[in-house]
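Below: one structure, written as structure tokens.
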Amino acid sequence: MNWKRLISNKRFGLESLHASRKEDRTEFQRDYDRLIFSAPFRRLQNKTQVFPLPGSIFVHNRLTHSLEVSCVGRSLGNNVAARLLALHPELSDTHLSEIGAIVSAACLAHDLGNPPFGHSGEKAIGTYFSEGKGQSLRDRLSEAEWEDLTHFEGNANAFRLLTHQFQGRRPGGFVMTYSTLASIVKYPYSARLAGKKQKFGFFLTEEPSFVTIAEELGMARLSQEGAPVCYARHPLVYLVEAADDICYQVMDIEDAYKLKILSEAETKELFLGFVPDDRRSHVCEICQMVQDANEQIAYLRSTAIGAMINACVDTFVAHESDILAGTFRGSLIQQMPLPVRQAYEHCSHTACSRIYCSKDVLDIELAGHRVISILVDLMIDAVRFPEKAYSQLLIQRVSPQYEVQAPTLYGKIQAVLDYISGMTDVYALDLYRKINGNSLPAV
């Protein structure tokens, strides 16, 4: 793979109109702006990140998380671009300097396809087919279609949302640039290769779109002709992934402190782990210049994020040739220098043992699983048997953009999953209550 092809401002769905614009914004900055002003992005403000949506204490939702990931991604991209241009001055006439803008836009989009209630929503959809009532549909679907449904993945759904031509939407979905779209596909292979990790990058319906993008950008194809599609990652995926990993790990620790799951001393010690021994006393001295404990922890959190940004940039540049060759293994986080990596792993271990198993987090997962499972079951039954009176009532609630009258069963199911995954937590819960007769419209 080479940078000249990998960084392209051609727009998916508007290839015939590809032309340079006389504007101050670059095409990649236009991607960012288009996402910020989109309805799916706004809806992230009412989707769970980890903890239940805020009461008296504000914690992160999907929207605040995505904005923070975008900021970190921009820093990673800008720093990498500066380092690469210093190493490869012959690339000064390419779009390499725009890496920061591409990564920040991709970071905004990376969670757009996640259903309500965080990862429990994903699990609920997948297990509905693999363990629940959806098992009865197994013989009515192809092997590839079944793999898509049983491995339902928010990352693949984000790619679908950005590229699929839903009814009433302009051709090519959001009409994003090829490079931005490629940068969000963390798992550049089909569901048939998902394996035990349950991860993949695109549904069967969007596979041709991904192949078009990958071939245009010169991404290395790893699968043989006739085998399930598999490519090497676009290099910028590593930066998007790193930004996401940095933010969710560090911000979950800070949220846990605010919710009193972790003590002040524990939180400070976790963040100080990212500071080299010879700088720790200096950092502590600065920290003591403010009296408020929340501000002290915010300063230490920013120090931890800065340390990881620098470590990931160094790792990316050091492994540039392997990344371009498609032979780099693991993530930038996993390959960071040992002291920073150990501090990250300490945070990760604490999150797994103290945060993700906390009562509040488990309660939202249990509730979310139930709500999504019931909605999926009722809506699939409705689109399969639209002649029923109750089915007609449910279908009337669905926006015309969703193809509930698709000619195939797989298409109908996808329309249901498009509809449900686009819901906010509150909307899904409200619909669930009304369907069950627990809530009626105000008179």
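These numbers were taken from a predicted model, which means no experiment stands behind them.
- In this model, no donor atom of one side chain and acceptor atom of the other lie less than 3.5 Å apart for T163 and E206.
- Side chains of F203 and F152 form a contact here, defined as non-hydrogen atoms less than 4.5 Å apart.
- Under a 3.5 Å cut-off, the side chain of R301 and the backbone N or O of V250 do not form any donor-acceptor pair.
- Sorted by first and then second residue, the salt bridge (Lys or Arg N to Asp or Glu O under 4.0 Å) pairs with a member in residues 310-332 read R83-D314; sequence neighbours excluded.
- Other residues, nucleotides and ligands contribute more than 12 heavy atoms inside 6.0 Å of the NE2 atom of H88.
- A donor atom on one side chain and an acceptor atom on the other are found under 3.5 Å apart for H369 and T127.
- Between the side chains of Y344 and Q334, no donor-acceptor pair of N or O atoms lies under 3.5 Å.
- Side-chain contact check for N114 versus N157: every heavy-atom pair is 4.5 Å or farther apart.
- A donor and an acceptor atom, one from each side chain of H119 and E122, are located under 3.5 Å apart.
- Cation-pi geometry between R233 and Y238 is met: the NZ or CZ atom falls under 6.0 Å from the ring centre, inside 45° of the normal.
- N61 and T64 share a donor-acceptor pair across their side chains, judged by distance under 3.5 Å alone.
- Side-chain N/O atoms of T205 and Q414 include a donor and acceptor closer than 3.5 Å.
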Name every donor-acceptor pair, under 3.5 Å, that has one atom in a side chain of residues 263-276 and the other anywhere in the protein, sequence neighbours excluded.
{"unit_1": "S263", "atom_1": "OG", "unit_2": "E266", "atom_2": "N", "d": "3.1"}
{"unit_1": "S263", "atom_1": "OG", "unit_2": "E266", "atom_2": "OE1", "d": "3.2"}
{"unit_1": "E264", "atom_1": "OE2", "unit_2": "K268", "atom_2": "NZ", "d": "2.7"}
{"unit_1": "E266", "atom_1": "OE1", "unit_2": "S263", "atom_2": "N", "d": "2.9"}
{"unit_1": "E266", "atom_1": "OE1", "unit_2": "R354", "atom_2": "NH2", "d": "3.4"}
{"unit_1": "E266", "atom_1": "OE2", "unit_2": "R354", "atom_2": "NH1", "d": "2.9"}
{"unit_1": "T267", "atom_1": "OG1", "unit_2": "S263", "atom_2": "O", "d": "2.8"}
{"unit_1": "K268", "atom_1": "NZ", "unit_2": "Q296", "atom_2": "OE1", "d": "2.5"}
{"unit_1": "E269", "atom_1": "OE2", "unit_2": "R280", "atom_2": "NH1", "d": "3.4"}

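- Open room surrounds CG on D277; 12 or fewer heavy atoms of other groups in view lie less than 6.0 Å from it.
- Contact of the L112 side chain with the I184 side chain is not registered, since no non-hydrogen atoms from C-beta on lie closer than 4.5 Å.
- Panel note: side chain R34, backbone F174; a donor-acceptor pair is recorded below 3.5 Å.
- Counting only heavy atoms from C-beta outward, the side chains of P337 and T315 approach each other to under 4.5 Å.
- No donor-acceptor pair closer than 3.5 Å links the side chain of R192 to the backbone N or O of A144.
- Looking only at atom types and distance, the side chain of E295 has no donor-acceptor partner in the side chain of Y299 under 3.5 Å away.
- Between W3 and F316, the ring planes lie tilted relative to each other; the angle falls in the 30° to 60° range.
- Here the side chains of D377 and S373 are not in contact, with every heavy-atom distance at 4.5 Å or above.
- The residues K186 and E153 are annotated as not salt-bridged, no charged nitrogen and carboxylate oxygen being separated by less than 4.0 angstrom.
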